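Only this structure's heavy atoms are used, side chains among them; waters, hydrogens and symmetry mates stay out. Here, residue 1 is the first one in the sequence, and each next residue gets the next number. This structure is a prediction, so every number in the text was calculated from the model and none was measured.
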Amino acid sequence: MQTYPSPARPARNLLHLSLIAGAVFLFAGCASLDDNMKRQVGQHINEVFREHGGQPNSGRSRVGNNRYAYTYKYYRTRYAGRENLGTYRNPGMGTGQTTYYADVCYGRNLYQTYYTDANDIVVDYRWEYTKEWRINCNEL
């Protein structure tokens with residue numbers, strides 16, 4: 001008797017593929033930010049302004065001997081799914097009940113700081129995400 005391979009499980013394969021793609025995307029997103037900032041080292045600060053499309057939120061603050069910092073602040077949001085607020089019995093006729101849900105969203109800040117020498121040449125950089133906080137999804 002000849003054996004045949006088991007039927008394909010497209011939903012399961014798609015789930016695995018989605019998880020792998022998500023992990024790669026998440027890792028690549030962080031590496032991409034770091035790589036983009038790293039490329040600015042050795043460039044004049046005007047190239048950073050051009051790359052970001054304008055002046056930073058706080059610029060040219062002295063942070064040492066002949067060293068200056070320029071900081072961009074960005075606000076990031078993300079949708080985190082739905083939360084079950086509970087199920088309640090409907091008063092009156094029948095045994096009906098209603099389940100209430102709420103959308104869940106989070107926000108956080110991203111700070112990108114470029115450090116320059118006295119000639120405004122980028123010599124170093126730093127980026128940082130703040131801790132997330134819950135926000136109203138209707139404000140997105």
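- Aromatic ring pairs are classed by plane angle as parallel below 30°, tilted from 30° to 60° and perpendicular above 60°; the pair Tyr129 and Trp127 is perpendicular.
- Two residues are said to be in side-chain contact when any heavy atoms from C-beta on lie closer than 4.5 Å; Tyr111 and Asn57 fail this criterion.
- Two residues are said to be in side-chain contact when any heavy atoms from C-beta on lie closer than 4.5 Å; Thr113 and Thr71 meet this criterion.
- The backbone N or O of Asn109 sits less than 3.5 Å from a side-chain atom of Thr130, completing a donor-acceptor pair.
- Closest approach of Met37 to Arg126, counting heavy atoms only: CE-O, 3.6 Å.
- Rounding to the nearest 0.5 Å gives a distance of 7.5 Å between OH of Tyr68 and OG1 of Thr116.
- Within the 4.5 Å cutoff, no side-chain heavy atoms of Glu83 are placed close to those of Tyr101.
- Ile45 contributes atom CD1, which lies 10.0 Å from atom CG of Asp117 (distance to the nearest 0.5 angstrom).
- Residues Tyr79 and Tyr106 keep their aromatic ring centres 6.0 Å or farther apart.
- How far OH of Tyr100 is from CG of Asn84: 12.0 Å, rounded to the nearest 0.5 Å.
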Decide side chain to side chain contact (heavy atoms under 4.5 Å, CB included) for Thr98 and Tyr88; before the verdict, give the C-alpha distance in whole Å, the side-chain angles of both, and the deciding distance to 0.1 Å. CA-CA 5 Å; Thr98 303; Tyr88 302 94; 5.6 Å; no

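- Judged by distance alone, with hydrogens and angles left aside, the side-chain atoms of Asp103 form no donor-acceptor pair with the main-chain N or O of Arg82 at under 3.5 Å.
- No side-chain donor from either of His52 and Tyr70 sits under 3.5 Å from a side-chain acceptor of the other.
- At least one side-chain heavy atom of Gln112 sits less than 4.5 Å from a side-chain heavy atom of Leu33.
- Arg134 CZ: more than 12 foreign heavy atoms inside a 6.0 Å radius.
- Of the candidates His44, Lys38, Gln43, Gln40 forms a side-chain contact (heavy atoms from CB on, under 4.5 Å) with just one, namely Gln43.
- A donor and an acceptor atom, one from each side chain of Tyr115 and Arg67, are nowhere located under 3.5 Å apart.
- No side-chain heavy atom of Val41 sits less than 4.5 Å from a side-chain heavy atom of Asp124.
- For the pair Ala69 and Val63, the tightest heavy-atom approach, listed with the atom from each and the gap, is CB-CG1, 3.8 Å.
- Residues Val48 and Tyr125 form no side-chain contact, since every pair of their non-hydrogen atoms from C-beta on lies 4.5 Å or further apart.
- In the hydrophobic cluster analysis, where Ile, Leu, Val, Met, Phe, Trp and Tyr join through side-chain heavy atoms closer than 4.5 angstrom, Val123 is grouped apart from Tyr72.
- The pair Arg78-Glu132 counts as a salt bridge, with a side-chain nitrogen and a carboxylate oxygen less than 4.0 angstrom apart.
- The two residues Val104 and Cys137 come nearest to each other via the heavy atoms C-SG, 3.4 Å.
- In this structure, Phe49 and Glu51 have side chains that are not in contact, with every pair of non-hydrogen atoms separated by 4.5 Å or more.
- A donor-acceptor pair under 3.5 Å is absent between the side-chain atoms of Asn119 and the main chain of Ile121, judged by distance alone.
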